Amino acid sequence: MFVFLPLFGAPATASDSAADTSENKKAELPRVAIVTTGGTIAEKVGCGSAGAVPAVSGSALVQSVPGLSDIARIEVTDLMNEDSSQMKPSDWLHLHCIVRHILDREEISGVVVTHGTDTMAEAAFLLDVLLTSNKPVVFTGAMRTASDAGSDGPGNLLNAVRQVLLSSDRNWGVTVTLNGYINAARSARKTQTTNVQTFTSGEKGYLGYLYDGQLVQFNQPAQRVQVELTGNHSATPPYIPILKDYSGSDGRFIRHALETGAQGIVVEGVGAGNVNRETYQAMLEAKKRGLPVVIATRVPNGSVEPVYGDEGGGAALKKAGVILAGDLPAEKARLLLMVGLMRYGNDPGKLNALFGELYR
Ligand code: ASP
């Protein structure tokens, strides 16, 4: 559902010229689109439910933010209202189409997407890979529900709109912005389960900080990795499970994935991207079947590097044709492989080149 919200308060009378001037000024404010998808920012604890559940419409969410109408003309697209643990890649591909069409409109300064924080970093990364516009796209949400005292949702939404207005010339791509801190989509990680200060960028650092209507820049994001999807991609995206390596893992889940239709796999290894012998053997079986296999790591900083040459070491994996995930955590590597397969098909050269861009 699409709603245009002028949000200008009570209409002015024709005789009130001061009010007229103020209305005219507001009519000249930049236009920012807000696409709402759900998450804690739109949830409330209601009677009868076991906990917080989706409860607030996109328009109501925007109406709850004091001061928003003084800085921008807001358009709301009430796309869905889901906890982000329910989001599927197909939802994000659809979201990407909606955002792309909005960005194509010249009069739009940028887009804010409200989203649950649980999978926000993945969603933001996928849109960062797919969108080509230079206009700001800001993901935000909340850690406290709309019914909590001290809910962080309204402040985060106001900051997100401010960021759109203040960062039009920065070419930051898609960001994850909560609690004033701005993270590049590629490096954003949720790091605290319940605290409002949850998203960080690890060793890459925040891009910047928003406070009192000002934006302070700290860093530049890494070069964006981009995949251009053309045509209609409403079909089910390729099935790519993530398998975790751990002490004593024996590859049985990888074999199960191969037997149940995986079109590619991502293995979350240890250290610089290493797995044990048994997992390595199962990964070789996947390679023999012609599947693209990506190795990521459980370590939050640094990147996968071909250091170790023993059975399962990163160098041995690379030699066997396994694709290295760079600095992407497994869940983001999976999305990159997904759109890589959608764009290029199962072409090892092109998929390797795509992931190779993470090392530029
Ligand atoms: N479970 C919620 C979600 O991701 C958490 C949040 O939004 O903060 O939708």
Side-chain angles (χ1 to χ4, degrees), residues 1 34-65 76-96 98-99 111-128 137-161 163 174-202 206 210 242 300 328-332 334-335:
M1 187 189 10
I34 299 182
V35 181
T36 60
T37 70
T40 296
I41 193 168
E43 292 184 18
K44 281 187 173 172
V45 180
C47 49
S49 61
V53 288
V56 186
S57 72
S59 313
L61 191 61
V62 169
Q63 298 280 9
S64 75
V65 184
V76 182
T77 303
D78 204 338
L79 188 62
M80 56 204 291
N81 198 350
E82 287 277 11
D83 190 280
S84 76
S85 52
Q86 309 293 345
M87 293 296 231
K88 297 186 174 69
S90 53
D91 295 320
W92 293 332
L93 290 173
H94 179 52
L95 173 64
H96 139 256
I98 301 284
V99 173
V111 177
V112 170
V113 178
T114 63
H115 195 285
T117 60
D118 288 352
T119 60
M120 185 186 290
E122 286 160 83
F125 174 69
L126 183 63
L127 266 72
D128 194 51
V137 176
V138 182
F139 272 66
T140 196
M143 293 297 286
R144 297 186 185 139
T145 71
S147 53
D148 284 342
S151 168
D152 51 333
N156 283 340
L157 196 47
L158 183 61
N159 263 346
V161 172
Q163 186 189 324
V174 181
T175 70
V176 170
T177 304
L178 264 86
N179 203 33
Y181 288 105
I182 305 168
N183 300 273
R186 174 164 158 185
S187 48
R189 283 198 190 220
K190 186 171 182 177
T191 61
Q192 222 283 358
T193 54
T194 55
N195 195 278
V196 295
Q197 183 38 36
T198 189
F199 283 100
T200 73
S201 293
Y206 300 114
L210 290 149
I242 297 172
L328 297 183
E331 65 275 10
K332 289 182 188 173
R334 168 185 177 253
L335 292 173

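Keep in mind it's a predicted model, so treat the numbers as computed, not measured. First listed ligand is number 1; within each ligand, the first listed atom is number 1.
The protein atom (non-hydrogen) at minimum distance from atom 5 (C) of ligand 1 is Thr40 OG1, 3.1 Å. Atom 4 (O) of ligand 1 has Ser84 OG, 2.5 Å as its closest protein atom, hydrogens excluded (heavy atom only). In terms of protein heavy-atom proximity, atom 8 (O) of ligand 1 is nearest to Thr117 OG1, 2.5 Å.
Side chain of Asn81 to main chain of Pro54: no donor-acceptor pair is present (N/O by atom type, distance under 3.5 Å, no hydrogens or angles). At least one donor-acceptor pair under 3.5 Å links the side chain of Thr37 to the backbone N or O of Thr114.
Checked by distance only, ligand 1 and Thr119 stay at 3.5 Å or farther apart across all their nitrogen or oxygen atoms. Close N/O approach between Ser85 and ligand 1 is not found [any backbone or side-chain N/O within under 3.5 Å]. An N or O contact shorter than 3.5 Å links Ala142 to ligand 1 by distance. Geometrically, ligand 1 and Lys190 share no nitrogen or oxygen pair separated by less than 3.5 Å. For a threshold of 3.5 Å applied to N or O pairs, the pair formed by His115 and ligand 1 contains no separation below that value.
Listed by atom number, the atoms of ligand 1 under 4.0 Å from Gly39 heavy atoms are 7 (O), 9 (O). Close approach of ligand 1 to Gly116 (heavy-atom distance below 4.0 Å) involves ligand atoms 3 (C), 4 (O), 7 (O), 9 (O).
Below 30°, between 30° and 60°, or above 60°: for Tyr206 and Tyr181 the angle between ring planes is below 30°, a parallel geometry.
A donor-acceptor pair shorter than 3.5 Å can be found between the side chains of Thr145 and Asp148.
Interatomic distance, Leu126 CG to Thr119 OG1, rounded to the nearest 0.5 Å: 11.0 Å.
Nearest approach of Ala188 to Asn183, heavy atoms of both residues: CB-CB, 3.7 Å.
The only member of Thr191, Asn179, Asp152 that meets side chain to side chain donor-acceptor pair (under 3.5 Å) when paired with Gln197 is Asn179.
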